[in-house]
**Student:** 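Mind having a look at this structure? Questions to follow.
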Amino acid sequence: MIIEQLLILIKPDGVKKSLTGNILTKLSEARMVIIGTKAVKVSKKLAEAHYYQLKDKPFFGELVDYIQGKIYGEPWDRVIAFVYQGEDAIARMRKIAGATNPEEADPISIRGAYGRITTKGIYENVVHCSSDPSEAEREIKLWFQPDEIVNSVYSTKKIIAGKGEKTVWA
Ligand code: IDP
Ligand code: MG
């Protein structure tokens with residue numbers, strides 16, 4: 001079995017609906033370990049980089065606003081980010097998260113149970129979950145610095161930063 005890691009985000013609608021505990025309980029059924037976590041106020045730059053593959057979609061602007069939590073405002077305009085690691089982690093966590101469209105998602109998946117489609121047509125599906133190993137690597141490196149993750153997962157290098165050294169993704 002292959003050990004994988006992936007990025008999970010509790011999106012701002014999940015934060016606003018106070019679903020952090022419920023979501024973590026559902027995810028814990030997969031018996032994965034959390035190797036990094038933090039709360040993030042998502043900048044426009046980070047939001048656009050995270051969803052760059054969807055930049056030509058008609059809903060891209062609203063999707064960027066959504067992941068930034070703009071429609072919810074203080075104190076809900078943030079995400080809780082996690083790096084999970086475990087056997088076959090991506091497929092297993094995607095199954096627990098459920099299908100992208102919350103109305104089509106298995107009703108006992110996270111998105112099926114808690115997601116909705118807004119009147120503007122955005123899928124508010126409460127979690128992000130990397131979909132394959134290369135996407136997971138790109139996303140983990142985008143959201144986390146090497147020293148924010150307790151296990152070493154990808155290669156790193158040291159660079160000179162000010163008077164000292166800093167470890168960055170190679
Ligand atoms: P995923 O989150 O299941 O991997 P992606 O296709 O990567 O799905 O889309 C990223 C996010 O963009 C979705 O989670 C959802 O919030 C939003 N989204 C995707 N497709 C649509 C759509 O057709 N209408 C509205 N929102 C969408
Ligand atoms: Mg995706």
Side-chain angles (χ1 to χ4, degrees), residues 2 4-20 22-30 32 34-73 76-86 88-144 149 153-154 169:
I2 302 170
E4 293 172 331
Q5 43 283 324
L6 75 157
L7 178 77
I8 300 241
L9 303 174
I10 299 180
K11 293 179 174 180
D13 53 322
V15 175
K16 183 169 187 186
K17 290 172 171 171
S18 197
L19 289 172
T20 302
N22 305 53
I23 290 167
L24 295 182
T25 299
K26 279 196 182 274
L27 293 174
S28 72
E29 288 163 16
M32 305 283 157
I34 294 168
I35 60 170
T37 184
K38 60 181 174 179
V40 183
K41 278 237 190 190
V42 182
S43 66
K44 190 165 194 211
K45 193 176 158 211
L46 176 58
E48 288 178 346
H50 178 70
Y51 282 132
Y52 86 103
Q53 288 151 314
L54 299 170
K55 64 179 187 306
D56 297 327
K57 298 281 185 191
F59 55 83
F60 183 69
E62 276 161 352
L63 179 61
V64 166
D65 284 352
Y66 165 41
I67 199 72
Q68 289 192 269
K70 283 208 178 154
I71 34 183
Y72 313 112
W76 318 115
D77 52 346
R78 64 211 56 206
V79 305
I80 320 293
F82 299 89
V83 181
Y84 275 88
Q85 185 177 57
D88 203 15
I90 296 173
R92 291 172 64 200
M93 294 305 236
R94 288 279 301 184
K95 187 161 192 296
I96 296 170
T100 306
N101 180 338
E103 285 184 1
E104 288 171 2
D106 180 337
I108 64 159
S109 67
I110 293 167
R111 289 166 165 182
Y114 304 125
R116 66 165 191 158
I117 300 179
T118 66
T119 47
K120 281 188 168 180
I122 281 291
Y123 295 174
E124 285 191 346
N125 52 14
V126 303
V127 286
H128 168 79
C129 191
S130 309
S131 60
D132 63 66
S134 67
E135 183 180 277
E137 178 173 350
R138 188 188 78 84
E139 292 176 351
I140 291 167
K141 290 177 172 175
L142 179 66
W143 287 82
F144 285 83
I149 296 180
V153 284
Y154 308 117
W169 299 116

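The shown structure was predicted, so the numbers you read here are calculated from the model rather than taken from an experiment. For ligands, and for the atoms within them, numbers begin at 1 and follow the listed sequence.
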**Student:** Ignoring angles and geometry beyond distance, decide whether His128 reaches within less than 3.5 Å of ligand 1 through its nitrogen or oxygen atoms.
**Tutor:**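 By distance alone, the answer is no.
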**Student:** For Phe144, is the NZ or CZ atom of Lys38 found under 6.0 angstrom from the centre of its six-membered ring and inside 45 degrees of the ring axis?
**Tutor:**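 Yes - Lys38 lies over the ring of Phe144, closer than 6.0 Å to its centre and within 45° of its axis.
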**Student:** If we only count N/O pairs under 3.5 Å, is Ser131 in contact with ligand 1?
**Tutor:** no
**Student:** State the atoms of ligand 1, each with its element, that fall below the 4.0 Å cut-off from a heavy-atom position in Gly121.
**Tutor:**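 Here the atoms of ligand 1 in question are 24 (N), 25 (C).
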**Student:** For ligand 1 and Tyr66, I'd like to know whether there is a polar contact (N/O to N/O, distance under 3.5 Å).
**Tutor:**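 No: no nitrogen or oxygen of Tyr66 is under 3.5 Å from one in ligand 1.
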**Student:** Just checking, Lys141 and Tyr154: is the charged tip under 6.0 Å from the six-membered ring centre and within 45° of the axis?
**Tutor:** yes
**Student:** Indicate whether any N or O donor in one side chain lies under 3.5 Å from an N or O acceptor in the other, for Asp13 and Tyr114.
**Tutor:** no
**Student:** Checking contacts here: is it the side chain or the backbone of Leu63 that comes within 4.0 Å of ligand 1, counting heavy atoms only? Could be both or neither.
**Tutor:**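 For Leu63, the contact with ligand 1 is made by the side chain alone.
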**Student:** At a non-hydrogen distance cut-off of under 4.0 Å, which region of Asn101 contacts ligand 1 (side chain, backbone, both, or neither)?
**Tutor:**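 Neither; no heavy atom under 4.0 Å.
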**Student:** Under a heavy-atom criterion of less than 4.0 Å, does Glu124 contact ligand 1?
**Tutor:** no
**Student:** So which atom in Ala47 and which in Ile67 form the shortest heavy-atom distance, rounded to 0.1 Å?
**Tutor:** CB-CG2, 3.4 Å
**Student:** In terms of atom number and element, which parts of ligand 1 are under 4.0 angstrom from non-hydrogen atoms of Thr100?
**Tutor:** 1 (P), 3 (O), 8 (O), 13 (C), 19 (C)
**Student:** Specify side chain, backbone, both or neither for Glu135, according to which of its non-hydrogen atoms lie closer than 4.0 Å to ligand 1.
**Tutor:** neither
**Student:** Side chain or backbone of Arg111 under 4.0 Å from ligand 1, or both, or neither, by non-hydrogen atoms?
**Tutor:**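 Just the side chain.
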**Student:** Using a 4.0 Å heavy-atom cut-off, which part of Phe59 comes near ligand 1: side chain, backbone, both, or neither?
**Tutor:** side chain
**Student:** Which heavy atom of the protein is the closest neighbour of atom 9 (O) of ligand 1, given with residue, atom name and distance?
**Tutor:** Leu54 CD1, 3.4 Å
**Student:** Does any N or O of ligand 1 fall below 3.5 Å from an N or O anywhere on Tyr51, backbone included?
**Tutor:**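 It does not: no N or O of Tyr51 is found under 3.5 Å from an N or O of ligand 1.
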**Student:** Can Glu62 be said to touch ligand 1, with heavy atoms closer than 4.0 Å?
**Tutor:**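 The answer is no, since Glu62 has no heavy atom less than 4.0 Å from ligand 1.
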**Student:** Can you tell me if Arg78 uses its side chain to pair, donor with acceptor, with the backbone of Ala39 under 3.5 Å?
**Tutor:**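 Here the side-chain-to-backbone pair does not exist.
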**Student:** How close do Ser130 and Ile90 get, heavy atom to heavy atom, and via which atoms?
**Tutor:**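 Smallest heavy-atom distance, with atoms named: O-CG2, 3.4 Å.
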**Student:** Under 4.0 Å from a heavy atom of Arg94: give me the atoms of ligand 1 that qualify, with their elements.
**Tutor:**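 Counting atoms of ligand 1 from 1, those under 4.0 Å from Arg94 are 1 (P), 3 (O), 4 (O).
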**Student:** Quick check against the 3.5 Å criterion: does Glu4 have a side-chain atom that pairs as donor or acceptor with the backbone of Ala89?
**Tutor:**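 Present.
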**Student:** Can you check whether Ala81's main-chain N or O pairs, donor with acceptor, with Thr37's side chain at less than 3.5 Å?
**Tutor:**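 Yes, the answer is positive, given that a donor and an acceptor are paired below the 3.5 Å cut-off.
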**Student:** Using a 4.0 Å cutoff against the non-hydrogen atoms of Asn125, which atoms of ligand 1 qualify?
**Tutor:**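 Near Asn125, meaning under 4.0 Å from one of its heavy atoms, ligand 1 has 13 (C), 14 (O), 15 (C), 16 (O).
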**Student:** What protein heavy atom sits nearest atom 26 (N) of ligand 1, and how far off is it?
**Tutor:** Tyr123 N, 3.4 Å
**Student:** Which heavy atom in Arg111 sits nearest to a heavy atom in Pro102, and how many Å separate them?
**Tutor:**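 Residues Arg111 and Pro102, closest heavy atoms: O-CB, 3.5 Å.
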**Student:** Look only at the side chain of Lys16 and the backbone of Gly73, and say whether a donor-acceptor pair between them is shorter than 3.5 Å.
**Tutor:** no
**Student:** Please name the residue in the list Ile110, Thr20, Asn22 that meets the side-chain contact (heavy atoms from CB on, under 4.5 Å) test with Val126.
**Tutor:**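 For Val126, the side-chain contact (heavy atoms from CB on, under 4.5 Å) test succeeds with only one of Ile110, Thr20, Asn22, which is Ile110.
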